[in-house]
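Before I ask anything, let me first share the structure, which is written out below as C-alpha cells.
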Amino acid sequence: MTVHVADELELYALGALTDDEAGRVADHLAACAACRTAAASLMDIVSALPETVAPREPSAGLRERILRSARATAGAPRAARPFPLRLYRSRFVTAGLAAAVIVLAAVSLDGRARLRDAEADTREIVERVSTSARTWYMSGTGAFEGSGGTLIAPQRGPAFVLFHDLKPIEPGTRYTLWLVSPEGRWLRTVSFRPDGGTFQTVDLATNVAGYDRCLLVLDSGAATPAEAPVVMQSRIAPPSS
Amino acid sequence: MSDHAEDDDPTLMLALAAQDLAALGTLYDRHGRLAYALAYRILGESEAAEDVVHDAFLSAWRGAASYRPERGNPRGWLMSIVHHRAVDVLRRKTAFRPAPLEAAGDRPAEEDTAAAAERNVESAGVRKALETLPPAQRRTIELAYFGGYTHTELAELMGVPLGTVKGRVRIGLQKLRRAMESAR
C-alpha cells in the first residue's frame with residue numbers, strides 16, 4: 001500500500017526535514033504523480049522567499065572565480081546521472097553522488113583526468129549504497145595532503161570508506177582505520193595497504209553507531225593506536241533526529 | 001555586453017547545457033546577487049556565502065543538461081541549489097545555531113535595468129505578502145527556510161509540539177500563496 005507524503009510536503013519544500021526524511025519523501029515523489037504535483041505547487045511559493053532578503057553585493061572577483069572553475073571543467077565528462085534536484089533527490093543517488101562529488105572536489109586537476117577510468121568504480125560504489133546513508137569526509141593532512149576518504153554508513157549493513165589518492169607507504173607498514181567512542185574506547189576495524197588505484201574501497205565490517213570519531217593512522221605495528229601518526233580523521237556527527 | 005544578454009532564462013539554460021561559458025557569465029550577472037544575498041542571509045558570513053554561490057553555479061554548469069522547465073523557472077531552480085548548499089554548510093558547522101538576524105542598513109545592489117526594476121516590484125510584493133502572516137507562522141517559515149532548522153529543532157526552539165510546527169508552515173504557506181496571488 002502506497003503511503004503518501006502529503007503531510008510532509010510543506011516541510012520538504014522549506015528544507016525543514018532531516019536528510020533521511022527528505023530522501024524518503026524524494027523517493028516517494030519520484031513514483032507518485034499526485035504528491036509530485038502538490039510538491040511542485042509548494043515549491044513555487046517557497047521559490048519566492050529569496051526575494052524577501054536584503055540585497056547584498058558579492059565581491060568583484062566572484063564572477064571570474066566561477067568562470068575560471070567552469071573553464072577548468074569544460075570538456076571533462078559530465079555526471080553520468082541526472083543532477084540530483086532537491087525535488088527528485090533519492091537517498092540512493094544522493095549518498096553515492098555525495099561521496100563521488102566530495103571525492104571529485106578534492107581530487108587535483110591531474111587526478112580528474114584519471115577519473116574517466118575510475119568512473120566505473122564510482123558507479124559500483126553508488127550501487128552499493130542501496131538505502132539511505134550518512135557520509136563524513138576525511139582529508140589527509142601533512143605529508144598525506146591530497147588524499148582523502150569518505151566514510152559511508154548505509155542505513156542497513158556495515159559501513160565502508162571510499163578513499164582517493166592514497167599515498168604509497170613503506171613496506172611493513174599499513175593503514176589502519178580506528179573508530180573512537182565518546183568514552184574513549186578504540187575499535188580497530190581494518191588494516192590494509194594502498195592498491196595504487198585512484199579509488200580504493202575498504203569495508204569496516206561494522207557500523208559506526210556509538211562512535212563519534214574515525215581515524216586513519218599509519219600503522220607500523222609498534223606504536224599504540226593513540227601514538228600512531230594520524231593520516232586523516234573525521235568526527236562522526238550523530239543523526240539529527 | 002555578452003552575446004546572451006537578450007536571451008531569456010530557458011534559452012540561457014540551453015546554452016549552458018551546450019557548455020557555453022558566456023551563458024554562465026550572463027546567468028551569474030542576472031542572478032548572482034540574489035544568490036549571494038540568499039546565501040549570506042543563511043550563513044551570515046561573506047566568504048562562506050561566496051563559496052556556496054561558487055559551488056551552486058558550478059553545479060548548475062555541470063547539471064544544466066538535466067534541467068527541465070516543468071521543475072520550475074531557472075531562477076527558482078538556481079536558488080533552490082543555493083539554498084540547499086547553504087543549509088548543508090550551516091548544519092555541518094553547528095549542531096544548533098541561533099537564527100541569523102537581518103543586517104540593518106545593507107548596501108543596496110546596483111541595478112539599473114528595466115528587468116531589475118520589475119524584480120524590485122516583485123520582491124516588494126513577496127515581502128509585503130510575508131508581512132501579512134501572523135508572527136508565529138511567519139517566524140516558523142523564516143526559521144525553517146533561512147535558519148536551516150529541521151522541524152524537530154523548530155519544535156524545541158519555539159517550545160511547541162511538532163504538530164504545531166507543521167500546522168504553522170502549512171497554513172502560513174497557504175496564506176502566503178493567497179497574498180501573492182491577490183497582489184498580482
Side-chain angles (χ1 to χ4, degrees), chain A residues 7-11 13-19 21-22 40-59 61-76 78-79 81-89 98 101 104-105 136 237-238 240-241, chain B residues 19 21 24-25 28-29 32-34 36-38 40-41 46 49-50 53-54 57-59 61-63 65-67 71-72 76-77 79-80 83-84 87 91 95 102-103 106-110 119 122-123 126-127 130 141 144-146 148-154 166 169-170 173 176-177 180:
Chain A
D7 197 40
E8 298 172 274
L9 289 180
E10 286 86 3
L11 294 172
L14 287 168
L17 296 178
T18 65
D19 282 350
E21 291 167 337
S41 174
L42 285 166
M43 291 298 287
D44 273 344
I45 311 169
V46 172
S47 71
L49 289 175
E51 306 287 345
T52 65
V53 304
R56 285 194 81 90
E57 195 75 29
S59 70
L62 180 56
R63 186 184 194 273
E64 183 49 39
R65 182 182 155 203
I66 290 169
L67 293 178
R68 194 169 52 239
S69 297
R71 202 175 289 123
T73 65
R78 296 242 163 145
R81 291 180 180 271
F83 180 81
L85 293 178
R86 187 180 190 86
L87 201 58
Y88 300 104
R89 180 179 67 184
V101 167
L104 286 171
W136 302 270
S240 55
S241 65
Chain B
Q19 297 208 285
L21 211 54
L24 180 64
Y28 176 82
D29 293 336
R33 285 192 191 91
L34 182 64
Y36 175 73
L38 174 60
Y40 188 90
R41 174 70 171 85
S46 54
E50 289 204 356
V53 172
H54 169 272
F57 273 88
L58 262 289
S59 290
W61 167 250
R62 291 191 197 109
S66 67
Y67 166 75
R71 292 177 183 172
W77 179 73
M79 293 310 131
S80 162
H83 178 259
H84 190 183
V87 168
R91 286 180 180 175
E102 280 283 11
D106 282 343
R107 181 165 59 92
E110 292 175 22
R119 275 202 296 276
E122 193 181 324
S123 300
V126 180
R127 271 198 290 273
L130 196 59
I141 289 172
Y145 188 75
F146 296 111
Y149 291 96
T150 65
H151 58 128
T152 48
E153 289 170 340
L154 284 170
K166 272 190 188 176
V169 297
R170 170 162 301 151
L173 288 178
L176 194 60
R177 184 204 298 277
M180 284 165 55

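As the structure is a prediction and not an experimental result, all values here were calculated from the model. Numbered from 1 within each chain, the chains take letters A, B, ... in sequence-line order.
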Steps toward side-chain contact (heavy atoms from CB on, under 4.5 Å) verdict (A:Leu49, B:Leu130): CA-CA 9 Å; A:Leu49 289 175; B:Leu130 196 59; 4.2 Å; yes
Minimum-distance pair of heavy atoms, taken over all atoms of B:Leu24 and A:Ala70: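 That closest heavy-atom pairing would be CD2-CB, 3.4 Å.
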Would B:Arg170 and A:Leu9 satisfy side-chain contact (heavy atoms from CB on, under 4.5 Å), going step by step from the backbone distance to the final call? CA-CA 9 Å; B:Arg170 170 162 301 151; A:Leu9 289 180; over 6 Å; no
Option that, when pairs with chain A are counted at under 4.5 Å, heavy atom only, ranks first among B:Leu58, B:Leu176, B:Ile141: B:Leu58
Kindly write out the residues that satisfy salt bridge (Lys or Arg N to Asp or Glu O under 4.0 Å) with B:Glu50, not counting sequence neighbours, or none if the list is empty.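 Applying salt bridge (Lys or Arg N to Asp or Glu O under 4.0 Å) to B:Glu50 gives none.
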So, does A:Arg63 use its side chain to make a donor-acceptor pair with the main chain of B:Tyr28 at under 3.5 Å? no
Flag the pair B:Arg177 / A:Ser41 as yes when at least one side-chain heavy-atom distance between them is below 4.5 Å, and no otherwise.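 Counting from C-beta outward, B:Arg177 and A:Ser41 do come under 4.5 Å.
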Select one option (side chain, backbone, both, neither) describing which atoms of B:Leu173 are under 4.5 Å from chain A's heavy atoms. both
Polar side chain donor-acceptor pair, B:His151 to A:Glu21, under 3.5 angstrom: yes
When the 4.5 angstrom heavy-atom criterion is applied to B:Tyr145 and chain A, the contacting part is both
How long is the gap from CE on B:Met79 to OG on A:Ser47, to the nearest 0.5 Å?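 It is 10.0 Å, given to the nearest 0.5 Å.
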Mind checking the CG-NZ spacing from A:Asp7 to B:Lys166? Nearest 0.5 Å is all I need. 4.0 Å
Which pair of heavy atoms, one from A:Glu10 and one from B:Val169, lies closest together, and at what distance?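 Nearest pair, atom of A:Glu10 first, then B:Val169: CB-CG2, 3.9 Å.
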Of the non-hydrogen atoms in A:Leu14 and B:His83, which two are nearest, and what is the gap between them? O-CE1, 3.5 Å
Rounded to the nearest 0.5 Å, what's the gap from OG1 on A:Thr52 to CZ on B:Phe146? Could you check? 3.5 Å
Between B:Tyr40 and A:Arg56, is there a cation-pi geometry (under 6.0 Å to ring centre, at most 45° from the normal)?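 Pair A:Arg56/B:Tyr40 counts as cation-pi.
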Between B:His54 and A:Leu62, the two heavy atoms sitting closest are CB-CD1, 4.2 Å
Compare every heavy atom of B:Leu34 with every heavy atom of A:Pro50, then report the nearest pair and how far apart it is.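 So the minimum-distance heavy-atom pair works out to O-CD1, 3.3 Å.
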Salt-bridge test for B:Arg33 and A:Glu57: reply yes if a basic N is under 4.0 Å from a carboxylate O, no otherwise.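 A salt bridge links B:Arg33 with A:Glu57.
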Check step by step if side-chain contact (heavy atoms from CB on, under 4.5 Å) holds for B:Val53 and A:Ile66. CA-CA 9 Å; B:Val53 172; A:Ile66 290 169; 4.3 Å; yes
